[in-house]
Amino acid sequence: MTGDHGHHQVESGSRLNDSHKHKDKHKDKEHRHKDHKKDKEREKSKYTNSEHRDSSEKKHKDREKERAKHREDSSERHKEKKREEKLKSHSSNGKHKREKENGYVSYIKTEEDNGYYNPTKQEKTVKRERDDDESEYKSKKIKVEKEHKVKKRKQEEDYDDYEEEEDVKPKKKSKEKKEDAAGGKKKGKKEPEEKWKWWEEERYTDGSKWRFLEHKGPVFAPPYERLPENVRFYYDGKPMKLTEQAEEVATFFAKMLDHEYTTKDIFRKNFFKDWRKEMTFEEKSRITDLNKCNFVEMSEYFKVQSENRKQMTKEGKQKIKEENERLVGEYGYCLMDNHKERIGNFRIEPPGLFRGRGDHPKMGMLKRRIRPEDIIINCSKDSKHPKPPPGSRWKEVRHDNKVTWLASWTENIQGSIKYIMLNPSSRIKGEKDWQKYETARRLKKCVEKIRAQYRDDWKSKEMRIRQRAVALYFIDKLALRAGNEKEEGESADTVGCCSLRVEHISLHPEMDGQEFVVELDFLGKDSIRYYNKIPVEKRVFKNLQLFLENKQPEDDVFDRLNTSILNKHLQELMDGLTAKVFRTYNASITLQQQLSQLTTPEDNVPAKILSYNRANRAVAILCNHQRAPPKTFEKSMQNLQAKIDAKKDQLSAAKKELKSAKADAKAMHDEKSKKAVETKKKAVQRLSEQLMKLEVQATDREENKQIALGTSKLNYLDPRISVAWCKKWEIPIEKIYNKTQREKFAWAIDMADKDYEF
DNA sequence: CCCATCACTTAGAATAACGACG
DNA sequence: CGTCGTTATTCTAAGTGATGGG
């Protein structure tokens with residue numbers, strides 16, 4: 001897998017140095033003694049056990065001890081308080097409800113003329129109360145008032161142009177689609193929603209996610225089609241006809257034959273075991289060795305098939321496309337609170353072989369086919385319930401409006417639940433996303449205080465507090481993930497901050513001319529390697545030394561900490577604060593800073609975009625968002641270089657021509673030659689612009705070799721920062737966000753102006 | 001408290017669609 | 001008008017964190 005990815009110590013390591021630079025002014029007091037004793041105790045209790053692996057047991061014991069020691073400690077009181085609060089909020093929630101029962105729900109239908117939903121007629125008085133940001137709230141109101149006067153929303157701001165353009169096209173299409181699909185009902189009107197601005201409406205405050213939900217249920221994987229007779233499976237060199245069940249599973253393997261997965265031992269073992277479960281007694285007794293199985297004919301067959309698909313005529317492709325659109329039209333949307341919303345994944349995952357990431361102990365296992373009987377449907381009681389396919393039934397139909405999913409099933413590999421949910425452009429996802437950034441902005445207001453506090457806690461005499469403080473420092477400075485504990489053997493061995501082990505960290509009192517360097521090397525989410533060398537403050541360093549003392553490589557660094565403890569602490573520091581908020585906060589604030597640092601007002605558009613990408617890249621590096629270098633990377637780089645060279649030649653040729661034209665003009669003094677000069681000048685200018693564009697592109701691409709920008713853009717960067725930047729520098733928003741992204745961030749595009757500050 | 005369960009966000013790879021170019 | 005390379009979309013795995021029952 002992509003185990004050995006890049007090294008990026010510089011950027012992420014140095015990012016926060018400014019804010020942390022008051023190096024060791026105080027002397028590092030030695031609390032070591034006390035802690036040391038504790039450690040010894042712990043070590044004893046642990047290692048008397050012949051099996052010293054079980055760190056959770058260790059933690060458990062420690063926690064008990066800790067508890068005994070600090071029985072009087074405040075945590076009890078906190079709990080009490082929380083319980084009270086909970087009760088309070090519960091009852092108030094009850095009252096809260098929504099005063100305006102269905103103000104949300106009914107206006108839409110009546111509000112349209114000639115097929116255009118006109119937002120201006122709506123009751124705008126209902127402003128959503130945002131729990132967290134008043135300024136936000138006010139500015140929104142102003143904005144709305146402005147909109148009152150524009151009926152068809154003339155382009156009062158440039159970004160609206162794009163939006164208009166962009167939206168008109170698909171909309172016309174979807175209008176037709178929607179009609180024959182779920183549309184129809186409720187007054188049978190045409191497409192009411194042109195750009196529904198859910199962000200200008202009130203949110204539910206009672207914890208419910210919707211009032212009305214209707215959908216058609218999921219689309220199931222197509223049934224298995226048997227192979228033609230001439231495509232055979234061979235066992236031990238002899239052709240062997242398999243039963244349908246066994247054959248289907250065999251095709252899963254055959255389809256992956258030239259993937260390196262199939263060479264891995266665990267994969268093969270798991271596959272074979274599960275495959276045999278699908279075999280009849282006869283098959284089972286004959287097929288006993290995977291190495292004697294020959295899937296090559298099957299594999300070839302599928303290759304030819306996909307080749308054929310590619311070679312298909314235009315009409316054939318068109319047909320498939322239309323059929324697909326029909327399916328999307330019928331099943332791809334739902335009706336939620338009177339708005340038609342796109343579903344994110346309405347297709348049930350087809351059966352196949354499980355492909356875990358990294359060193360996954362379950363790779364190759366059979367992911368079984370999902371039937372209607374496995375599906376739980378969620379919709380509102382008063383909706384038209386989805387019909388199960390003929391001859392089948394749903395596992396259950398429920399009406400739970402405290403959740404957002406439309407359907408769910410339990411997957412057989414890990415036993416986890418899979419959901420069908422709405423598209424990111426939907427209200428329900430958008431609101432949550434917006435809220436996430438508001439929480440991060442609230443953190444901005446108190447982050448310095450929190451930093452001061454954890455720095456202070458580095459000196460605490462309690463081990464658990466020190467650990468908590470150092471972990472939090474990592475999470476803040478390095479944007480590490482929280483690191484929940486995972487069940488061993490259930491998935492790849494990856495870690496986050498709280499689950500870091502001794503083997504992942506090495507301490508260098510001095511390295512490359514720097515003091516107190518911490519070297520981190522571990523596999524994080526998706527088994528992506530995190531490798532970083534970070535100079536830290538002395539106190540952190542000393543603490544880490546202490547944490548590592550007398551431990552085995554496989555022991556936890558933070559043995560008195562877990563995510564739940566950490567998050568409980570964070571919750572006390574700020575409402576809604578959890579470890580992941582730091583990632584969002586640091587990502588967004590970094591983008592904002594980098595943008596203001598990197599953008600040169602005089603630059604032209606491509607150069608500004610390069611700056612944007614660089615700012616984006618700084619964030620991706622911080623968050624360790626990597627990708628495998630594209631297979632065609634080298635080649636495409638060469639191509640680009642060739643283009644650049646060609647352009648250079650053209651340019652110098654053009655320059656020469658310009659020169660001689662000038663000479664001509666000087667000699668001739670006539671209009672014609674003067675004009676020629678002008679033309680040549682223009683040509684040179686054009687060429688040099690093109691050259692520079694290419695060069696910028698090359699730089700950008702090179703720097704991006706194994707860095708993935710998409711993830712941070714989609715999940716960590718407050719879109720309003722980008723929108724504001726675009727407005728400020730008059731960069732078309734399309735240069736930054738593609739269509740999907742613009743749909744997801746419609747709320748931000750609509751509400752952020754050029755002065756927005758995260 | 002502690003663990004399992006549930007809901008939901010975040011993630012990179014695979015695949016499909018698009019568009020520039022010969 | 002096909003081919004190739006890039007970009008967008010789809011897919012689903014793998015995280016986080018809340019909750020509730022024992």
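The basis for the numbers below is simple: all heavy atoms, side chains too, and nothing from hydrogens, waters or symmetry mates. Numbers restart at 1 for each chain; the letters A, B, ... are given by sequence-line order, proteins then strands. The model shown is predicted, which means the values in this text are computed figures rather than measured ones.
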Specify the separation, in whole Å, of atom [atom1] of [X] and atom [atom2] of [N].
| X | N | atom1 | atom2 | answer |
| --- | --- | --- | --- | --- |
| A:K739 | B:dA16 | NZ | C1' | 14 Å |
| A:Q435 | B:dC8 | CD | C1' | 13 Å |
| A:N704 | C:dT7 | CG | P | 10 Å |
| A:N324 | B:dA17 | CG | C1' | 12 Å |
| A:R627 | B:dT10 | CZ | C1' | 18 Å |

For A:S712 and A:R617, which I'm curious about, is there any donor-acceptor pair between the side chains at under 3.5 Å? no

Those residues at least two apart in sequence (or on a different chain) that pass ring-ring contact (aromatic ring centres under 6.0 Å, His included) with A:Y737 are A:F745

N-O pairing of [X] and [Y] below 4.0 Å:
| X | Y | value |
| --- | --- | --- |
| A:R427 | A:D337 | yes |
| A:E307 | A:K303 | no |
| A:K402 | A:D400 | no |

On DNA chain C, compare the nucleotides closest to A:F633 and A:N423; which residue's is nearer the 5' end? A:F633

Closest approach to the side chain of A:S636, judged atom by atom: which nucleotide of C:dT6, B:dT9, C:dT12 is it?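 Nearest to the side-chain atoms of A:S636, counting from C-beta on, is C:dT6.
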
Winner on side-chain proximity to A:A708, out of B:dG12, B:dT9, B:dC1, is B:dG12

When all nucleic acid strands are considered with a 4.0 Å heavy-atom cut-off, which category describes [X]: base, sugar-phosphate, or nothing?
| X | answer |
| --- | --- |
| A:K209 | sugar-phosphate |
| A:R309 | nothing |
| A:P350 | sugar-phosphate |
| A:T404 | sugar-phosphate |

Taking the six-membered ring for Trp, are A:F346 and A:Y331 ring centroids under 6.0 Å apart? no

Are the aromatic ring centres of A:F354 and A:H360 under 6.0 angstrom apart? yes

Hey, does A:K362 have a side-chain heavy atom less than 4.5 Å from the side chain of A:E490?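 A side-chain contact exists here, since the closest heavy-atom pair is under 4.5 Å.
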
B/S/- along nucleotides 13-18 of chain C (protein heavy atoms under 4.0 Å) is SBSBBS

Is A:K264 positioned over the aromatic face of A:Y261, cation under 6.0 angstrom from the ring centre and no more than 45 degrees off axis?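 Yes, A:K264 and A:Y261 form such a contact.
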
On DNA chain B, compare the nucleotides closest to A:R583 and A:G415; which residue's is nearer the 5' end? A:G415

Pairwise 5' ranking along DNA chain B for A:T410 and A:C623, keeping only the more 5' one: A:T410

Considering only nitrogen or oxygen atoms on both sides, find all protein atoms under 3.5 Å from nucleotides 18-22 of chain B and state each distance.
none

